**Student:** 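Pasting a structure here, questions to come.
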Amino acid sequence: MLRVYLRQAAVAAAFLLHAPFTHGQGDGFDVLEFIDPFIGTANGGHSFAGATLPFGMVKAVADTEGENQGGFASDTSHVTGFSHMHDSGTGGATSMGNFPIFVHPSCPDDHLSSCSWRSSDRAVEWRRDSPKARPGYFGISLANSVHAEMTVTNHSALYRFSFPDATPGSLNPVVLVDILDLPQSRNRGSATVDPDTGRLTGSGNFNPSFGIGTYDSYFCADFQGAKIRDTGSWTNTAVAVGKNSVSIAANSSHPANKFSAGTFVRFDSMEASEVLTARVGVSFISVEQACSNAEREQPDYDFDGTVTAAETAWRNKMDVIKVDADGVSSDLQTVFWSGVYRTMISPQDYTGENPLWDSDEPYYDSFYCIWDSFRGVHQLLTLIDPLSQSRMLRSLVDIYRQEGYLPDCRMSLCKGWTQGGSNADVLISEAYLKDVAGVDWDTAYEAVVKDAEIEPQNWNVEGRGGLQSWKTLGYIPIHDIDPGTEGLRTRSVSRTVEYAYNDFCIAQMAGRMGHTDDRDKYLERSRNWRNLYKKDQTSSINSVDTNFTGFLQPRNADGSWAYQDPIFCSPLLEFTSCYLNEDGHETYEGSCWLYTFFVPQDMAALIKTLGGAEEFTSRLSFLHDSGILYLGDEQAFLTVFQFHYAGRPALSAKRAHSYIPSQFNTTVGGIPGNDDSGAMGSFAVLSMIGLFPVHGQDVYLIIAPFFKEVSIRNSATGKVATIRSTNFDPSYEAIYIQSATRDGKPWTKNWIGHDFFAEGGTLELELGPEESDWGTRIEDLPPSMSDYELDPVVERPARRPLK
Ligand SMILES: *[C@@H]1O[C@H](CO)[C@@H](O)[C@H](O)[C@H]1NC(C)=O
Ligand SMILES: *[C@@H]1O[C@H](CO)[C@@H](O)[C@H](O)[C@H]1NC(C)=O
Ligand SMILES: *[C@@H]1O[C@H](CO)[C@@H](O)[C@H](O)[C@H]1NC(C)=O
Ligand SMILES: *[C@@H]1O[C@H](CO)[C@@H](O)[C@H](O)[C@H]1NC(C)=O
């Protein structure tokens, strides 16, 4: 299968020689000027703001005290160190941040014991306007006169420390490393310093931030720019010159385990104009590999050259997208390009760094989590970086081969918590429909069928729970008994609708692979959402009836109904009560109101069930207007565009513009929730491109792009797909499609398939300020399992003005 990919790549290379792709952004356009890594670094966005290569393993940044899931957060005040590995935008505990280094310009009175060592003591204020970040670079100034800059290769970080306002003669820098990680999860650790070379090395065993098990990590730091004066180690607050190693035993319940401890190097006096450079290699395999990673990737400690190489890598990744930004504000362009950027920070490529098994397949880590990333991240990667998308899927299939199940979440070489269904099934099925190259589809199919059929011992971290009930009752009952296996028996409603959709996706794959019995079986199971639909269920807000009747509700194993207020778990009622805890409820991070819309496989049946297109439209509008919907969780994404299914694509366009830029903007708090490995970024980008993918299907819902023109070049085939608006209106009053052509021929469907990107071509959209009847006829609606029965056009007063 690998060969197939290489052949395609060769064809692409040949094609590219003859068809250079020109940038329409104008001479002097530099995409990096429109990337702001600080977006989403406040208010819980947890975006990683530091230096990284695309999907790079090393991610260097200053670590702050506070909500530091991504290392640095803008709404903090103190820095505790600089560390080399992070995740981006995640919502669990803080990830990694192993082996932070920290620099004291000198110790008071030149006494090492007067310096502060442990992380709570050494934390130093950062200067408010000092942080600077761009792809491949992060810099910050601290109140102790240290100016720290950092850049990276795939497996090593380079730090440049300068002391612009140190008093001359007072500079005797001490660099320490701490074997306590940022989340303080260490189980054991040790560090050593070589007194001759100043090389610091060490290892430790730590916990993942949202999963089970432990992982080992290793580092290797070397310095350039100053002479070594002395070396030693420290534990907690005590420092020992000349004692060149430290070890904390394996005992996770021992209080000493939470001690900061490490080694240090003190340098001879430096001039204030001199610069100290630290090179840190990391590895999950061994200290030797950490050192060789650094030596190989950073032989010259060339800071500026490393920044330039990183910038080039990022520009090359972005180069497949071209926008005509005429009239579009620089802020919106920044929302767009920064979104693309954040989508390519994770998952991380740990190929060659996986100690768990030997394999020739790529190994990516930090699928964190697929529950978040299957609704946008991987769809965007399929368009702009099909090679990486292919490598990630191969990695997922390899994880299945080695560990027995596909993950729903995975980080730091460990199994992560599953939040709902086995949503890797959706990724895999969609990738199969979109012909992602190089994947062993037979094994991939085996993996998704196993999810659907065989319940794992611990379904908190893989597969699905309650399969016995699923197969016999056709839903997950509240308080499911599910004997013999272990898992959190909550979320019966959200798991039911996700399992139903997972089965639909498997059915599509089965159908195309010719497994017709499987197809029929899983299609049947995909109708199970109906079993939790309680048609007489009403819903009130503050005792005022919403006047919508019929919602998903929990159900007992005997078929009788249980009850959960349909707005429970929405921002209007107990929003924070529905996480992965023992007393979590029947829907996960969202309400029955919201989950009632989760039938992407059969929107025709859902619309009929909810009372027809007009009633559906008004219910979906109510969801958006009432405060029930929280856009900061990924289940909200598709609801912005589901008006398409009721024949009202104009309403989807209107909603997209109501959320961008009001909830996606260039401020440090400019995303509505955790970025979740780029999920929020991918939503903004896909919405602005104007083709919003329905996850799991070969379907993109069409709205007008936020640009006059957007082109995407498939880097594997060289084919270019262009979406162009005529009458483009940068004030966004004329955002409604009046008519469309594809390669010059009328295109009346309100959706398009992936063949548009695979084959290339031009979709031209004529825009106007009012809703039209483009894309509103039954034959123009997106695919659905059932036939659309009610004519949405007939039910709708034509061309009414949109408010
Ligand atoms: C970094 O890793 C990526 C694969 O994830 C690879 O394509 C790239 O060439 C690597 N960069 C360098 C400088 O080796
Ligand atoms: C671990 O530390 C705890 C708390 O100090 C102690 O009670 C326990 O005996 C230790 N366990 C081992 C195996 O050393
Ligand atoms: C539902 O209908 C009642 C009766 O007409 C009305 O008082 C109430 O305001 C309506 N609810 C909403 C949310 O509009
Ligand atoms: C920017 O986005 C954030 C997060 O969604 C939102 O709270 C804020 O109001 C927005 N700011 C502006 C100026 O639109």
Side-chain angles (χ1 to χ4, degrees), residues 9 36 38-47 51-59 74-75 89 136 151-156 158 293-294 296-299 302 305-314 316-317 329 331-332 334-335 338-339 344-353 361-366 381 385 387-392 394-395 538-549 566-567 571-572 593 618-619 621-623 625-633 636 657-675 680-681 683-684 715:
D36 180 355
F38 290 115
I39 294 174
T41 58
N43 297 343
H46 302 165
S47 299
T52 179
L53 286 178
F55 314 113
M57 175 166 120
V58 163
K59 301 193 189 303
S74 294
D75 44 3
T151 185
V152 293
T153 58
N154 278 327
H155 307 97
S156 76
L158 203 57
N293 281 342
R296 188 180 63 254
E297 296 181 359
Q298 298 281 2
D302 176 6
T306 304
V307 172
T308 304
E311 289 178 346
T312 303
W314 280 109
N316 288 343
K317 283 288 184 201
S329 71
D331 271 2
L332 267 183
T334 301
V335 166
S338 304
M344 296 206 258
I345 295 178
S346 289
Q348 283 101 255
D349 186 352
Y350 291 0
T351 307
E353 288 289 342
E361 286 297 274
Y363 179 75
Y364 282 70
D365 199 293
S366 292
L381 294 181
D385 195 354
L387 174 57
S388 294
Q389 169 72 356
S390 158
R391 288 167 53 85
M392 288 169 194
R394 286 167 55 192
S395 172
T538 57
S539 165
S540 296
I541 301 174
N542 296 328
S543 308
V544 178
D545 195 335
T546 61
N547 301 323
F548 295 102
T549 307
I567 63 168
L572 300 180
W593 248 95
S618 95
R619 185 190 281 227
S621 300
F622 191 88
L623 174 78
D625 292 330
S626 58
I628 295 173
L629 187 68
Y630 169 60
L631 210 64
D633 253 330
H657 282 274
S658 82
Y659 290 126
I660 304 170
S662 78
Q663 303 230 26
F664 296 84
N665 53 56
T666 55
T667 67
V668 289
I671 50 175
N674 300 145
D675 196 39
M680 294 293 144
F683 173 80
S715 55

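Every number for a ligand or one of its atoms is a count from 1 in the order of the listing. Remember, it's a predicted structure, so these values are computed and weren't measured experimentally. We number each residue from 1, following the sequence as shown.
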**Student:** Does some non-hydrogen atom of the protein lie less than 4.0 angstrom from atom 12 (C) of ligand 3?
**Tutor:** yes

**Student:** Where the side chain of Tyr364 meets the backbone of Arg394, is there a donor-acceptor pair that is under 3.5 Å apart?
**Tutor:** no

**Student:** Which residue and non-hydrogen atom of the protein lie closest to atom 2 (O) of ligand 3, and at what distance in Å?
**Tutor:** Asn547 ND2, 2.3 Å

**Student:** Do any N or O atoms from the side chain of Thr306 and from the backbone of Asp302 form a donor-acceptor pair under 3.5 angstrom?
**Tutor:** yes

**Student:** Using atom types as modelled and distance alone, determine if a side-chain donor or acceptor of Asp675 lies under 3.5 Å from a backbone N or O of Gly681.
**Tutor:** yes

**Student:** Which pair of heavy atoms, one from Gln298 and one from Ser156, lies closest together, and at what distance?
**Tutor:** CG-OG, 3.0 Å

**Student:** Hey, what's the ring geometry for Trp593 with Phe548, parallel, tilted or perpendicular (30° and 60° as the breaks)?
**Tutor:** perpendicular

**Student:** Are the side chain of Thr151 and the backbone of Leu158 linked by a donor-acceptor contact shorter than 3.5 Å?
**Tutor:** no

**Student:** Ligand 1 and Asp349, any nitrogen or oxygen pair closer than 3.5 angstrom?
**Tutor:** yes

**Student:** For atom 5 (O) of ligand 3, is some protein heavy-atom partner under 4.0 Å away?
**Tutor:** no

**Student:** Could you check whether any side-chain N or O of Ser539 sits under 3.5 Å from a backbone N or O of Thr546, counting only pairs where one atom can act as donor and the other as acceptor?
**Tutor:** no

**Student:** If we ignore angles and hydrogens, is there a donor and acceptor under 3.5 Å between the side chains of Ser329 and Asp331?
**Tutor:** no

**Student:** Examine the proximity of ligand 3 to Asp545 and report which part, side chain or backbone, both or neither, has a heavy atom under 4.0 Å away.
**Tutor:** backbone

**Student:** So if I count the atoms of ligand 4 from 1 in the order they appear, which ones are less than 4.0 Å from some heavy atom of Gln663?
**Tutor:** 2 (O), 4 (C), 5 (O)

**Student:** Return the option from Pro672, Gly669, Gly45 holding the heavy atom at the smallest distance from atom 3 (C) of ligand 4.
**Tutor:** Gly669

**Student:** Crowded around Asp545 CG? As in, over 12 foreign heavy atoms under 6.0 Å?
**Tutor:** yes

**Student:** Decide whether an N or O pair under 3.5 Å exists between Thr667 and ligand 4.
**Tutor:** no

**Student:** So which protein heavy atom does atom 14 (O) of ligand 4 come closest to, and at what separation?
**Tutor:** Asn665 ND2, 3.3 Å

**Student:** Among all the protein's heavy atoms, is there at least one whose distance to atom 9 (O) of ligand 1 comes out below 4.0 Å?
**Tutor:** no

**Student:** For atom 1 (C) of ligand 1, find the nearest protein heavy atom and state the residue, atom name and distance (0.1 Å precision).
**Tutor:** Asn154 ND2, 1.5 Å

**Student:** Please list, in number order, the atoms of ligand 4 under 4.0 Å from a heavy atom of Ile671.
**Tutor:** 4 (C), 5 (O)

**Student:** Does ligand 3 come near enough to Thr546 that some N or O of the ligand is less than 3.5 Å from an N or O of the residue?
**Tutor:** no

**Student:** Using heavy atoms and a threshold below 4.0 Å, how should the contact between Asn43 and ligand 4 be classified: side chain, backbone, both, or neither?
**Tutor:** neither

